[in-house]
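Numbered from 1 within each chain, the chains take letters A, B, ... in sequence-line order.
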Protein chains: 2
Amino acid sequence: MKLSTKGEYGLRAIIDIAENSKNGEYVSISDISTRQKISDRYLEKIIAKLKKSGLVKSSRGVNGGYILGKDPKCINMFDILSVLEDNIDVTECMDIHVFEKCNNHYTCKARKLWVKINEAVENVLKNTTLLDMIKQEIKKGEEIE
Amino acid sequence: MKLSTKGEYGLRAIIDIAENSKNGEYVSISDISTRQKISDRYLEKIIAKLKKSGLVKSSRGVNGGYILGKDPKCINMFDILSVLEDNIDVTECMDIHVFEKCNNHYTCKARKLWVKINEAVENVLKNTTLLDMIKQEIKKGEEIE
DNA sequence: CTATTTCATACTGATTTAGTAGGAATTATA
DNA sequence: TATAATTCCTACTAAATCAGTATGAAATAG
Ligand code: FES
Ligand code: FES
């Protein structure tokens, strides 16, 4: 039940972009990779997916890099992770294309749980925006730290 | 973000046991494997985990097999899946033992999402009992099928 | 022109997954 | 007591996936 590093690194990367292109500056892979301590070659490949989906836009050449493709409050976690992860469902049999795999799709009791888990996860993902992730939460009593 | 077959098969197996040992009869691996269409050798290994954790009890020899170790309403999905899956958290860094892995555990913005997902999944798992899974739901309008 | 950057494609070692295999121990029943 | 049915225990393995490398072309600012 684990996310791949693509999902993990990719989310960290887009958060990094959101935080570091505040003045319209492009954020380069090398910057992200040093800040996030992730292999730059690997990051390239991961960010390519974000690019392809339109979640980020790019500029080549000197001072190039990436910026968000949309307003951070219009990007939610489901958008991001479904691009990064090959599939986001808990089991194969949740995928309509492989529904024959199960011995008895329609009566299978286990299926009820997969549905519930999927719903719960999707609910979190769709209701959490990129803005939610980057905004500072001011909580009382935390000044001490 | 996918469950392993251990989790999938294991849950189907314990549901099968719950449904087929109604009169105190032990349910054998070969019965489960033919009903569920899962390799019996593989099932052996999976059910061994359930046995070890006390979720099922076994009897060797002729007419042997497995029965539930507890009342199905006292077994929840978290109990079952945490025994079957090596880890149930969405990312490594949710594991306290590997918290150094993250570049900055305390300020990492991505972490907020991992926490939310984990909470949502745990909530479903802990609030769904084995009894919930096996009981027939009578819904109006389904007699037609 | 040159340095810097993304973009595209192919390759690879390590790890994990999903099983298999062989046989010992236990038990009901005839 | 012999036998068949069952769990139990440990080791092995082929295939797939993961995580990352490698190479170099294309674009662009200065
Ligand atoms: S529907 Fe896939 S496990 Fe049953
Ligand atoms: S705490 Fe693990 S990704 Fe940040």
Side-chain angles (χ1 to χ4, degrees), chain A residues 1-14 17 20-21 24-34 36-67 69 84-87 90-93 98 101, chain B residues 1-13 17 20-21 24-34 36-67 69 84-87 91-93 98 101:
Chain A
M1 280 229 39
K2 192 151 288 154
L3 232 60
S4 71
T5 54
K6 277 178 211 156
E8 184 188 325
Y9 295 170
L11 176 57
R12 280 162 62 190
I14 198 169
I17 292 167
N20 292 288
S21 64
E25 292 161 3
Y26 287 85
V27 184
S28 76
I29 296 236
S30 65
D31 285 355
I32 301 171
S33 80
T34 47
Q36 297 294 329
K37 300 193 184 92
I38 296 170
S39 149
D40 54 347
R41 297 304 211 138
Y42 191 31
L43 249 188
E44 264 185 31
K45 246 180 33 175
I46 292 167
I47 293 181
K49 294 187 170 205
L50 295 172
K51 167 75 195 302
K52 207 171 167 189
S53 72
L55 291 172
V56 302
K57 288 186 294 196
S58 67
S59 165
R60 286 177 159 192
V62 178
N63 298 324
Y66 301 88
I67 54 171
L84 295 168
E85 293 289 318
D86 289 335
N87 54 6
V90 268
T91 60
E92 281 292 333
C93 36
V98 284
K101 194 197 155 204
Chain B
M1 281 231 34
K2 192 150 288 156
L3 230 62
S4 70
T5 53
K6 275 178 212 158
E8 184 188 325
Y9 296 170
L11 177 57
R12 281 164 60 192
I17 292 167
N20 292 288
S21 64
E25 290 160 7
Y26 287 85
V27 184
S28 75
I29 295 230
S30 65
D31 284 356
I32 301 171
S33 80
T34 48
Q36 298 294 328
K37 299 190 185 95
I38 297 170
S39 148
D40 53 348
R41 291 306 212 138
Y42 192 32
L43 250 188
E44 265 185 30
K45 246 181 33 175
I46 293 168
I47 293 181
K49 293 186 171 208
L50 295 171
K51 167 75 196 302
K52 208 171 165 187
S53 72
L55 291 171
V56 302
K57 288 185 291 191
S58 67
S59 163
R60 288 180 157 191
V62 178
N63 296 325
Y66 300 88
I67 53 172
L84 295 168
E85 292 290 317
D86 289 336
N87 54 7
T91 60
E92 281 291 334
C93 36
V98 284
K101 194 197 156 206

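Just one residue in the list B:V27, B:L55, B:I29 forms a side chain to side chain contact (heavy atoms under 4.5 Å, CB included) with B:I47, and that residue is B:I29.
Taking the side-chain hydrogen bond (donor to acceptor under 3.5 Å, both in side chains) definition, one finds that B:D31 meets it with nothing, sequence neighbours left out. Partners of B:K49 under the salt bridge (charged side-chain N to carboxylate O under 4.0 Å, His left out) rule, at least two apart in sequence or in another chain, are B:D86. Annotation: side-chain contact (heavy atoms from CB on, under 4.5 Å) contacts of A:S59 (sequence neighbours excluded): A:Y26. Residues satisfying the side-chain hydrogen bond (donor to acceptor under 3.5 Å, both in side chains) test with A:K51, not counting sequence neighbours, are A:S58. In this view, A:K2 and B:E92 satisfy the salt bridge (charged side-chain N to carboxylate O under 4.0 Å, His left out) rule, not counting sequence neighbours. For B:S30, the side-chain contact (heavy atoms from CB on, under 4.5 Å) criterion is met by B:S28, not counting sequence neighbours.
One finds the CD atom of B:E85 at 7.5 Å from the CE atom of A:M1 (value rounded to the nearest 0.5 Å).
Residue A:S39 has a polar side-chain atom (N or O) positioned under 4.0 Å from OP1 or OP2 of D:dT21. Put simply, A:Y66 has no side-chain N or O that comes within less than 4.0 Å of OP1 or OP2 on C:dT5. In terms of phosphate contacts, A:T5 brings a side-chain nitrogen or oxygen within less than 4.0 Å of OP1 or OP2 of D:dA19.
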Pairs under 3.5 angstrom only: tabulate donor-acceptor contacts from the side chains of residues 38-46 of chain B to other protein residues two or more places apart or in another chain.
residue	atom	partner	partner atom	Å
B:S39	OG	B:R41	N	3.4
B:S39	OG	B:Y42	N	3.2
B:Y42	OH	B:T5	OG1	2.9

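A:M1 has its CE atom 18 Å from the P atom of C:dT16, to the nearest Å. Straight-line distance from the OH atom of A:Y9 to the P atom of D:dA19: 7 Å, rounded to whole Å. B:E25 has its CD atom 13 Å from the P atom of D:dT6, to the nearest Å. Here the P atom of nucleotide D:dT17 and the CG atom of A:L3 are 17 Å apart, to the nearest Å. Rounded to whole Å, the distance from CZ on B:R41 to C1' on C:dA24 is 12 Å. Rounded to an integer number of Å, the gap from B:I67 CD1 to D:dT7 C1' is 14 Å. When rounded to the nearest whole Å, the span between CG of A:D40 and C1' of D:dT21 equals 11 Å. For the pair B:K57 NZ and D:dT7 P, the computed distance is 16 Å after rounding to whole Å.
Remark: B:E44, B:K51 in residues 44-52 of chain B come within less than 4.0 Å of DNA chain D through at least one heavy atom.
B:Y26 comes within 4.0 angstrom of nothing in the nucleic acid, heavy atoms only.
Nucleotides of DNA chain D nearest to B:G65 and A:Y42 differ in position, and the one nearer the 5' end is that of B:G65.
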Q: Starting at the 5' end of nucleotides 25-30 of chain C, put B wherever the base has a protein heavy atom under 4.0 Å, S where only the sugar-phosphate does, and a dash everywhere else.
A: BBBBS-
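Taking every side-chain heavy atom of B:S28 into account, D:dT6 is the closest of D:dT6, D:dC18, C:dT6.
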